[in-house]
Protein chains: 2
Amino acid sequence: MTGERRKFRREGEEARREALIAASLSLASKGGAEALTVRAIAEQAGVTQGLIRHYFHSKEDLTRAAYAALMDRMIRTSDALLAEAPAEPAARLASFVSASLRPPVMDTEELVLWAAFLHRLRADPEMRTVHETRYLAFRDRLQALIAAALPPGTPQHTLRARAIACNAVIDGLWLEGSALPEAFGPNEILTIGLTSVGAIVGLDLIPYLPEAAA
Amino acid sequence: MTGERRKFRREGEEARREALIAASLSLASKGGAEALTVRAIAEQAGVTQGLIRHYFHSKEDLTRAAYAALMDRMIRTSDALLAEAPAEPAARLASFVSASLRPPVMDTEELVLWAAFLHRLRADPEMRTVHETRYLAFRDRLQALIAAALPPGTPQHTLRARAIACNAVIDGLWLEGSALPEAFGPNEILTIGLTSVGAIVGLDLIPYLPEAAA
DNA sequence: ATTGCAATTATGCAAGCGTATAATACGGAA
DNA sequence: TTCCGTATTATACGCTTGCATAATTGCAAT
């Protein structure tokens, strides 16, 4: 007669933390920051809300962990791509650029997800650190790719400047392509990305444009 | 003895709407989207919260109006700059780029402000339209500047592609410079912006680098 | 089987949110 | 000076939020 108490299984701490983080990212990618309520997260993870405070100090703590996990996932995805990329330097650079300007990276949900955490960077030093780490990780990879594609002996400050610039084009195109997908033709962003990264570093990357899908 | 009812003056509808919009933008630039509560907005505007619903259909309606006002302000600021810019095409292009990569445009508060509205673009078609309008307005100005600086007869699709690319570099540098100001040297972003926009359109813009402040 | 611990659920609470509505007082019209 | 429309304030309601605490139950050790 009395309230039927919900059955449950005991999972390890690690599994529960991962599930809660995954639930947070899933919700944030669809509904932005406002979708991140303890009740919604718990439901998505298949638990009740009390568990959140059992495994995380606060909801903000979970949010930070989710952001760190997201940044980590992005870096690992990128590294996995590079592991399978061609060996030729210019081709490697082109694959890196292309991958950033195509789904699933260039995608409205990905933009929403990123934006969900963006505003917290201002006041939260820990999240700023995570953000900076990821930004530098990407830029360093880009700089290594650029260095490999240019004549040896190119000065370090030139490499740094070009990496910052290329990273900026990619970020800008990603942002605009994700926010206004219908404003651009198929492959337009991709073509422009390769062209302008090529112009900045002084290479022709257009031969490496992947064959299109329509 | 009874509650001292607050004194007030009757302002026109226009003044009150503007005050509420200004209050919204001021709060959002410091505290992001979560700072936008009807009570905080009303206090900042020097009124009580009931007035918001008197002049706006809902808080969401006020938010939309504030976003539109922000976009409008950005465009008018840019146009005012161009009105005072030098006549020579390359110099004009360089001033446009420089202005975007310096305070008060490149600024953490400006980024927070922008991010406060970003997540609403997903589900709100009206705000998407406003966003698209501003994006295209900027890009069109950039494209006109590029066209003026290049030989006449440059094909339209080339101009479009270069405008999209330049806009992306500027956006990307603005984003990164606003989010991580301490990660770059003084004028580094500015120099990189002029260099890479120059590389994309095929001009040398470095001579137009404004003299620095340290 | 029994026990004991902690993982998990259930419940409640105070605060803040947006919104609705009623009461008030400003200021132009007469 | 009075009066009236409405701009403005005051108050309250219902809902959701994050968090705290108490009650339960799965499960490993014995």
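Here is the naming used below: chain letters follow the sequence lines, and residue numbers restart at 1 for every chain.
To the nearest 0.5 angstrom, A:L101 atom CG is 11.0 Å from A:E176 atom CD.
What separates CD of B:E4 from P of D:dT8 is a distance of 21 Å, to the nearest Å. If you measure from atom CZ of B:R39 to atom P of C:dT19, you get 11 Å, rounded to the nearest angstrom. Atom P of nucleotide C:dG18 and atom CD1 of B:I41 are separated by 7 Å, given to the nearest angstrom. The CD-P distance, from B:E13 to D:dT8, rounds to 10 Å in whole Å. Atom CD in A:E43 sits roughly 13 Å away from atom P in C:dA10 (whole-Å rounding). For the pair B:L51 CG and C:dT24 C1', the interatomic distance rounds to 13 Å; values are reported in whole Å. In this structure, B:R64 atom CZ and C:dG18 atom C1' are separated by 15 Å, rounded to whole Å. Rounded to an integer number of Å, the gap from CG of A:D61 to C1' of D:dC19 is 14 Å.
Using a 4.0 Å heavy-atom distance criterion, A:R16 is classed as a sugar-phosphate-only contact. Using a 4.0 Å heavy-atom criterion, one finds that B:L62 contacts no nucleic acid atom at all. Across all strands shown, A:E11 has heavy atoms under 4.0 Å from sugar-phosphate atoms exclusively, and none from any base. If you check every strand for non-hydrogen atoms under 4.0 Å, B:T48 touches a base.
Ranking D:dC19, C:dT9, D:dT9 by closeness to the A:Q49 side chain, first place goes to D:dC19. Each of C:dT19, D:dA10, D:dG26 was ranked by its minimum atom distance to the side chain of B:R6; first place goes to D:dA10. With C:dA20, D:dA12, D:dT9 as the choices, the nucleotide that has an atom nearest any side-chain atom of B:R53 turns out to be C:dA20. Residue B:K7 has its side chain nearest to C:dC26 when only C:dG18, D:dC19, C:dC26 are considered. Proximity note for B:R10 (side chain, C-beta onward) versus C:dA25, D:dC19, D:dG26: the nearest is C:dA25.
The main-chain N or O of B:S58 is never found under 3.5 Å from a side-chain atom of B:R53 such that the two would form a donor-acceptor pair. Formation of a donor-acceptor pair under 3.5 Å by the B:R92 side chain with backbone atoms of B:A87 is not found in this model.
For the pair B:Y55 and A:R9, both in contact range of DNA chain D, the more 5′-proximal nearest nucleotide belongs to B:Y55. Along DNA chain C, the nucleotide nearest B:K59 and the nucleotide nearest B:G50 are compared for position; the residue whose nucleotide lies closer to the 5' end is B:K59. Along DNA chain C, the nucleotide closest to B:F8 and the one closest to B:H57 are compared, and the more 5′ of them pairs with B:H57.
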**Message:** Between B:S26 and B:Q44, does the side chain to side chain donor-acceptor pair (under 3.5 Å) criterion hold? Intermediate values first, please.
**Reply:** CA-CA 9 Å; B:S26 168; B:Q44 177 88 9; 3.2 Å; yes
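Under the 30°/60° scheme for interplanar angles, the aromatic rings of A:W174 and A:W114 are found to stand perpendicular.
Distances shown here put every side-chain N or O of B:H54 at or beyond 4.0 Å from the OP1 or OP2 atom of D:dT8.
Under the 6.0 Å distance and 45° angle rule, B:R141 does not count as a cation-pi partner of B:F96.
Between the base of C:dT9 and the side chain of A:R5 there is a donor-acceptor pair shorter than 3.5 Å.
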